[in-house]
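Remarks on the structure that follows.
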Amino acid sequence: MSGTSEGPAPATELNRPVVTESEIVTSPGTESTPPPSPAPPPSPAYRSVFTAAPLAMAVVDREGTVTGANAALAGLLGRDPDTLTGAVAADLVDLSGDARTWHAYRELLRGQRAKLRCTRRLKHPEGHALWVRVTVSPLPAEDGGVLLSVDDISDHRELQAQLRHVRMHDPVTRLPNRTLFLERLTAALEAESYEESGTGRIGLCYLDLDGFKAINDTLGHRVGDRLLAAVAERLTRCAQEAGRTRAGTPLVARLGGDEFALLVEDSTGTEQLADLAESLLGAIQAPFDLSGRRLSVSASIGVVERHAAGTTPTALMQAADTTLYWAKADGKARWTLFDPERNAHRVTRQALASTLRPAIDRGEFALEYQPLVGMEDDRVHGVEALIRWHHPRFGTLTPNRFIGLAEEDGSIVPLGRWVLRPACRQARDWQVEHPDEPPIFVSVNVAVRQVWDSDLVADVAETLAETGLPPHLLQLELTESAVMGSSGRPIEALKALSDMGVRIAIDDFGTGYSNLAYLSRLPVSVLKLDGSFVRGFQYEERAAAPANPADEVIVEAMVQLAHRLGLTVTAECVETSAQATRLRRIGCDTGQGWLYSRPVSPDRISELLGTPGVQAGVGNP
């Protein structure tokens, strides 16, 4: 039974070490066959054919010595025909260049192999490289020995090299393309590339032109291509300049579109990559003169530098792509270094976004409530429902960790609908449990997208009917910027809710549009002053940091304005008794903050109902 074994793949560049491609065929049942005895010399007819054949050939005896060679072999190798007879065949075509081929050749001479085929790179006496295909096969038993034939495949290899160059380079910039870049990157991250020598580190500058699409769209792709070629020249000069002061020149490649990359093997640290990025930015920012047309562009660069061990091409490219995005988001025309902590936050954000909708169905959300306390009687008048996400991986998350994500992907609609029901149901339960106390209202935050993407009015009406909560005990909070910047459907929805009896509150008032004329036409019943104003009161009793009088003047003016418009005012972030006293003097109606209580469970709110003096930590857990 015969078997075929392939050796290493053929070399792809002429300046690389010799690579052997061997096809070794084992003769059936010859493993233990002793070498045959010498055969008589070949016939005159055979000799004439051998001599005249255009294929370079030699007859080799079982000891590996050339017993005869034709003129074609002598011409191919650049040797005198008389010097070939008696030469060692393996030396002529480098069959001992690698152990595997040498072992197969020796077995073939002993009659234990049927065939050997390999590709070798030889040096011609005239100095040029010569690629040949060597085939060794046994001669008939009566002739003895083996036949060595050599085929010149240099033209074929040259064509292969040209085709590879075309396949691996960008036609516009002449730079290596993404395929070749990833090939080099993969090779650089192989252990043998950095373990024996070098720094064992690798760096990458991932560059993208700012506003290149606008140039393509306005001036055409021909101008865009010329600009890309000019950018490639500048990047190459920067790389060459960097290579003069370092061990190696960075590889410059065009990855596609207006994206370029510079690969720094054996980098010495982030300082080297930062210097390179700075030089790249400077080179790109200088105006381009394209046949009399003057163009100016900038670039954003993501910079990654790390140990080669433990990383992969995919991980490095992902990090570079992420960092380039940061550079764009931070304002463009700059370079940004990869930050593991920032990346971890991004990964966490993506993980939360992907699990947000299913978490609603899995019941991972819960509500806590923070009291809204009357400034005059220190009693709980209402509560704000605050959502918490009990994430199985990240623990309990507050709204600032996921509400923005919910608004982006639209899951704020089912999430807001879910919040309404338990909040209203709980407010009704408190009303039933404390019939002798004035009922407290529940305040629920609403995003504008809930108004646009759902029928908020119908959702509220259905929830109130289902829970039995009177409409005036439900308060909906919208931020000032959301309300003031809305028109049409949102305003119509707010008016319908107000006509239904639901209280409408503007949250974080004083930090948004502050369009007072517009405010007078909105169906609003409550203003919640942003906590930044109240915090200005907190240093009143500290001589080293006196309070800012302007804060009190502003708050007093807003309270008076609200009261004249028939609105009540709630102050957020009340943390000290001094702040509460001053707010009471100004005329603020209710306060909310840690002075009264942190957000707590429904049972804790039940304990506070009907209790005067809910401050100074009384309501805190």
Side-chain angles (χ1 to χ4, degrees), residues 208 210 213 300 302 318-332 336 338-368 384-423 443-460 476-491 493-494 504-509 511-513 528 530 599:
D208 178 272
D210 301 324
K213 184 178 184 300
S300 299
Q318 285 179 342
D321 185 66
T322 297
T323 313
L324 174 60
Y325 171 80
W326 293 343
K328 292 279 190 183
D330 291 343
K332 302 181 180 180
T336 301
F338 180 75
D339 181 357
E341 291 186 6
R342 185 174 180 180
N343 186 61
H345 177 75
R346 179 187 66 88
V347 172
T348 301
R349 178 181 172 88
Q350 291 176 340
L352 293 178
S354 64
T355 57
L356 213 164
R357 285 181 181 270
I360 301 174
D361 298 329
R362 289 195 298 263
E364 294 177 5
F365 291 96
L367 296 181
E368 291 184 346
E384 180 179 355
L386 298 170
I387 191 170
R388 301 290 185 260
W389 185 358
H390 298 304
H391 196 282
R393 176 181 172 189
F394 301 112
T396 300
L397 305 178
T398 53
N400 63 317
R401 294 288 302 277
F402 58 86
I403 289 298
L405 296 174
E407 291 178 341
E408 288 176 9
D409 69 3
S411 57
I412 190 67
V413 173
L415 188 60
R417 189 179 293 122
W418 177 87
V419 171
L420 267 176
R421 284 176 170 78
S443 189
V444 175
N445 290 278
V446 175
V448 171
R449 189 161 183 177
Q450 290 178 253
V451 184
W452 282 109
D453 295 357
S454 68
D455 191 343
L456 181 62
V457 178
D459 289 342
V460 170
L476 300 180
E477 295 186 21
L478 291 90
T479 61
E480 177 186 357
S481 57
V483 175
M484 294 298 189
S486 301
S487 61
R489 181 176 177 181
I491 297 302
L494 294 182
I504 305 297
I506 297 182
D507 196 12
D508 300 328
F509 185 76
T511 60
Y513 290 86
K528 297 189 71 175
D530 186 73

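What's counted below: heavy atoms across the whole structure, side chains too, no hydrogens, waters or symmetry copies.
- The closest side-chain heavy-atom distance from L476 to L420 is below 4.5 Å.
- In this view, R349 and E408 satisfy the salt bridge (charged side-chain N to carboxylate O under 4.0 Å, His left out) rule, not counting sequence neighbours.
- Here the straight-line distance linking atom OG1 of T479 with atom CG of D530 works out to 11.0 Å at 0.5 Å rounding.
- Note that CG of D453 and CD1 of I412 are 10.5 Å apart. Values are rounded to the nearest 0.5 Å.
- Side-chain atoms of E407 do not come within 3.5 Å of backbone N or O of G404 as any donor-acceptor pair.
- Shortest non-hydrogen contact noted between V457 and A493 is CG2-O, 3.7 Å.
- Nearest heavy-atom pair, D409 versus A353, reported as atom, atom and distance to 0.1 Å: OD2-O, 3.9 Å.
- Residue H390 qualifies as enclosed at atom NE2: its count of foreign heavy atoms under 6.0 Å is above 12.
- Taking CG of D330 as the reference point, atom OG1 of T323 lies at 10.5 Å (rounded to 0.5 Å).
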(request) With side-chain contact (heavy atoms from CB on, under 4.5 Å) as the test, would you mind laying out the steps for L494 and L478 before giving the verdict? (result) CA-CA 10 Å; L494 294 182; L478 291 90; 3.9 Å; yes

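- Every residue was checked against the salt bridge (charged side-chain N to carboxylate O under 4.0 Å, His left out) condition with K332, not counting sequence neighbours, and none meets it.
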(message) Assess the residue pair T336 and K328 against the criterion (side-chain contact (heavy atoms from CB on, under 4.5 Å)); give the C-alpha distance rounded to whole Å, side-chain angles, the decisive distance to 0.1 Å, and a yes or no.
(response) CA-CA 9 Å; T336 301; K328 292 279 190 183; over 6 Å; no

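- Within the structure, salt bridge (charged side-chain N to carboxylate O under 4.0 Å, His left out) contacts touching residues 388-405 (residues at least two apart or in different chains) are E368-R388.
- When side chains are defined from C-beta on, L415 counts as touching I403, because their heavy atoms get closer than 4.5 Å.
- Between atom CG of residue L352 and atom CZ of residue F394 there is a gap of 5.5 Å, rounded to the nearest 0.5 Å.
- In this structure R346 satisfies the salt bridge (charged side-chain N to carboxylate O under 4.0 Å, His left out) test with no other residue, sequence neighbours excluded.
- There is a side-chain donor-acceptor pair under 3.5 Å between D210 and S300.
- The distance from atom CZ of F509 to atom CD of E477, rounded to the nearest 0.5 Å, is 14.0 Å.
- Note on residues 400-419: pairs passing ring pair (Phe, Tyr, Trp, His ring centres under 6.0 Å), not counting sequence neighbours, are F365-F402, W389-F402.
- Pairs engaging residues 350-367 under the salt bridge (charged side-chain N to carboxylate O under 4.0 Å, His left out) rule: R362-E364 [sequence neighbours left out].
- Here the straight-line distance linking atom CG of D508 with atom NZ of K528 works out to 8.0 Å at 0.5 Å rounding.
- Here the closest non-hydrogen pair linking A385 and N445 is O-ND2, 4.0 Å.
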